[in-house]
Amino acid sequence: MAVLHLLSNPDALASCLAAVAEGDSLLLIGDGVLALPLVASSKARLGVLRDDAVQRGTQLPEAAEELSYADFVSWAVACRSSVTWS
Amino acid sequence: MAVLHLLSNPDALASCLAAVAEGDSLLLIGDGVLALPLVASSKARLGVLRDDAVQRGTQLPEAAEELSYADFVSWAVACRSSVTWS
Amino acid sequence: MKSVLYLIRRRPGIAADETTDLMLVSGVFEQRTSVLFLDDGVYQLLGLGERQSSLKALSAYDVQDLYVAADSLASRQVSADAIELDLRIVDRHAVRQLIADHDLVLTD
Amino acid sequence: MKSVLYLIRRRPGIAADETTDLMLVSGVFEQRTSVLFLDDGVYQLLGLGERQSSLKALSAYDVQDLYVAADSLASRQVSADAIELDLRIVDRHAVRQLIADHDLVLTD
Amino acid sequence: MRINLLVQGAPFATSAQENALGFARAAVDAGHRIDRVFFYKEAVAIANRFASDDDGIRAGWAKLAAGSGFELAVCIAAASRRGIVEDGSLADGFAIVGLGQLVEAMEQGDRLVTF
Amino acid sequence: MRINLLVQGAPFATSAQENALGFARAAVDAGHRIDRVFFYKEAVAIANRFASDDDGIRAGWAKLAAGSGFELAVCIAAASRRGIVEDGSLADGFAIVGLGQLVEAMEQGDRLVTF
């Protein structure tokens, strides 16, 4: 079963991407959304917490899904564990 | 008159080095001492706060001066202003 | 009064807002106040339309010398066009010059 | 009991010590506990002789699976010889494997 | 599902509190059961009753926890270091507990999400 | 020389407090005059009287300031956000002041060192 990676600190992006395995999910929350333009491609399903992206003026590219908090909960439930990169 | 650069965060090293001008002084304090092995060469006079280096197990290279807090005060007095990279 | 350069290196947040509050007080006291955004500080320039930010009040407090480091924008893929403040884009040589040209340098 | 992987990514300090306290409690409760040092977390491995650190107590609490990321050591010019703990040096592929192999992953 | 939260991020320097509260609300709304929200490290500062709470996060936690019957657990060691003490600065609705409670939450829950 | 200090770093996440106190002690020993140490942002947490102060930094500030006659100034806005309030959690020896006092310190001193 997949792992959910939560990126809340853009400085942790490189380490996070290196730890993402095929089939994992990657969700950008908090200041993590600032790293969105730098996520060129990822093996993971990619999501962005909508509220945080709007608040920080981040442009949403097509490759990322916009999540509500309800979607965030669904992703957490669907993955066997989560790792927070903060 | 010279500027005293205080580096207390190793992540700020690159920015700090780019801001150092000929004749400035650079003093590593707190976690900034961890950046010492990464300071290849610098235009500045280079110092390390001794207590912090010892506490963090940092090896002191010959190129850096070891400062006591009294020396730190002398450096601050000798420079016209200081910039803290934290 | 002394001249003060504020170096803004951090992402938006309460600490950033507190630095801005201080810049406004500098302006009120008629210190010659300049502001340089570099490193993650350039993120503060994004989305100013969407959120409350006292950065937009700087000019009203006579803080008008605003600068941003070109390489900090580029490495974060932040476009200068997305910025709603009037500021000058500078290189690292100008950063050294700005530090030398002010009596005091404060960081966030 | 569940298996827990602790990812240690930060420099030494109170927050780091608090993570170590939690690892010791994990050990006391007989969770299978592994610890992986990466990024700035490798700095925690330096100078263990000179300062108080409960990291040295890990083995007494049955926390014996310790790992460190090779590239994090290299980019900080930290030599493995300077480390007084018994740990395995691993690459990023092993990091993915460790995350997959544990029930829970906690970060500092 | 039984979900527990671990909150470690500082109240002002990070949005950990805001994200955790948003997540907890949505989890409750979706019918999941939260047993415990555990505050550790810098995050314990949220339980300081003297803080002005301009954005209503402390009040939000207290209300959600009371309505959903889960515990707002604050680590005693982290709290005492940072000046959050019972009969002093601890806000209503928060409980001072030991680290063992966090390990218990890891064991009993189906998910642990860290903020 | 007249030297002032601005302390902004968090008490636990950074060594700003320790470095600032060490610097202040050495400045006094060297015969310099400190007018004011101004605590801003996360650094205001040092003035929480409920915090355990295991490393004696809060006590160190109070003692040095009393002995040398300088002010331990805590920004009112930053403090109230973080739960440091007069007649509540403010430690003895610290004073709640406005930001204007920091600008005054910039103007009156020969040096301002930030931690």
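Each of C:L104, C:L5, C:L106, C:V105 was evaluated against B:V83; a single residue qualifies, C:V105, per the side-chain contact (heavy atoms from CB on, under 4.5 Å) test.
For C:L7, the part sitting under 4.5 Å from any heavy atom of chain B is the side chain, from C-beta outward, and nothing else. Neither the backbone nor the side chain of B:A14 comes within contact range of chain C; no heavy atom of the residue lies under 4.5 Å from a heavy atom of that chain. No part of C:A69 comes within reach of chain B, as not one of its non-hydrogen atoms sits under 4.5 angstrom from that chain.
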Give every donor-acceptor pair between chain C and chain B closer than 3.5 Å, one pair per line, or write none.
| residue | atom | partner | partner atom | Å |
| --- | --- | --- | --- | --- |
| C:R9 | NH1 | B:S86 | O | 3.4 |
| C:R10 | NH2 | B:S86 | O | 2.9 |
| C:R10 | NH2 | B:S86 | OG | 2.9 |
| C:D39 | OD1 | B:S15 | OG | 2.7 |
| C:D39 | OD2 | B:S15 | OG | 2.4 |
| C:R92 | NH1 | B:S15 | OG | 3.1 |
| C:R96 | NH1 | B:A18 | O | 2.8 |
| C:A100 | O | B:R80 | NH1 | 3.0 |
| C:H102 | O | B:R80 | NH1 | 3.1 |
| C:H102 | O | B:R80 | NH2 | 3.2 |
| C:T107 | OG1 | B:T84 | O | 2.9 |

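C:D17 pairs by the salt bridge (charged side-chain N to carboxylate O under 4.0 Å, His left out) definition with nothing, not counting sequence neighbours. Contacts of C:S54 classified as side-chain contact (heavy atoms from CB on, under 4.5 Å), with partners at least two apart in sequence or in another chain: C:T20, C:D21, C:L24. Evaluation of the side-chain contact (heavy atoms from CB on, under 4.5 Å) rule for C:Q77 yields A:P37, A:L38 as partners, not counting sequence neighbours.
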